[in-house]
Amino acid sequence: VFCYNNEKPAYQHPMNVTSYISAIQSFSGLTPATPYYARVRARNGGGLWTDYSRLGSSMTALAQPTAGLTSAVTSMSVTANWGANGNPAGTLYLLQASSGLFPNSLYGNRSSVTYGTSAAFPDLLPASTYYFQVRAQRVLGESTPFTDLGSTVTLPYPVTWNHVPPFTPDTAYEDLL
């Protein structure tokens, strides 16, 4: 049995089968979300090989993303980051942000779909806790379980002192009112 990726030999697992009517071969170390093709041939007792027979193809499953840290935290935005965990470039990720623990049905949960391994959430509330989770998914519906990315608190809203009169040691307290 030979396993091919994009019609090129990737893994060759010869099997010594003498009297089986059917045989099963498992392959390990394959890349997630990648198509593989299989073919088989047999050798008789005289050492002669048959032609290859194609067995078809299959797509390996997606790998669950790995957790990363948040970055670029401001009073109104957070960027969530995660690892691809072997998924190839072009893998689609669904990221969710919430002001409550997952799973929940809170109004105001936010989602972002991206082909990268980070996503920014703007327009958040200052000094608020947000929880994040991400999963890899295919357009046709297959998806991994969610990976918990933890929580982050946005920074407090910056305080400005534009309308405070200057203070000097000889300014009376009543003059400031």
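Residues: numbered from 1 along the sequence shown. Nothing here was measured: the structure is a model prediction, and the numbers come from that model.
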Legend entry - More than 12 heavy atoms of other groups within 6.0 Å of Asn44 CG: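 Yes, enclosed.
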Inset, instruction - Check the surroundings of atom CZ in Phe102: do more than 12 heavy atoms from other residues, nucleotides or ligands lie under 6.0 Å from it? - result: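 Counting other residues, nucleotides and ligands, CZ of Phe102 exceeds 12 neighbours.
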Atom pair [atom1]/[atom2] of [X] and [Y] - distance to nearest 0.5 Å:
X      : Y      : atom1 : atom2 : answer
Arg39  : Ser53  : CZ    : OG    : 10.5 Å
Asp123 : Met76  : CG    : CE    : 5.5 Å
Trp82  : Ser118 : CH2   : OG    : 6.0 Å

Is [Y] reachable from [X] through a run of I, L, V, M, F, W or Y residues, each pair having side-chain heavy atoms under 4.5 Å apart?
X      : Y      : answer
Tyr115 : Phe146 : yes
Tyr131 : Leu94  : no
Tyr93  : Leu62  : no
Leu149 : Leu92  : no
Leu125 : Phe132 : yes

For the residue pair [X] and [Y], what are the closest heavy atoms and their distance?
X      : Y      : value
Thr70  : Ala80  : CG2-CA, 4.4 Å
Thr154 : Ser75  : CB-O, 3.7 Å
Pro35  : Met59  : N-SD, 3.5 Å
Val134 : Leu95  : CB-CD1, 3.9 Å
Asn87  : Ala33  : OD1-CB, 4.4 Å
Pro145 : Arg135 : O-CB, 3.7 Å

Legend entry - Asn85 and Thr66: side chain donor to acceptor below 3.5 Å: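 Checked: Asn85/Thr66 side chains show no N/O donor-acceptor pair below 3.5 Å.
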Inset, instruction - May I ask you to check if Arg110 and Phe121 form a cation-pi contact, with NZ or CZ under 6.0 angstrom from the six-membered ring centre and within 45° of the axis? - result: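 Relative to the ring axis of Phe121, which defines the angle, Arg110 lies outside at least one limit.
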Legend entry - side-chain contact (heavy atoms from CB on, under 4.5 Å) evaluation trace for Thr60 with Thr31: CA-CA 7 Å; Thr60 52; Thr31 303; 5.6 Å; no
Any donor-acceptor pair under 3.5 Å from [X] side chain to [Y] backbone:
X      : Y      : answer
Ser151 : Thr129 : no
Ser128 : Pro126 : yes
Thr117 : Ala84  : no

Legend entry - Close side-chain approach of Tyr130 to Thr152, heavy-atom, < 4.5 Å: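 Sidechains of Thr152 and Tyr130: no contact.
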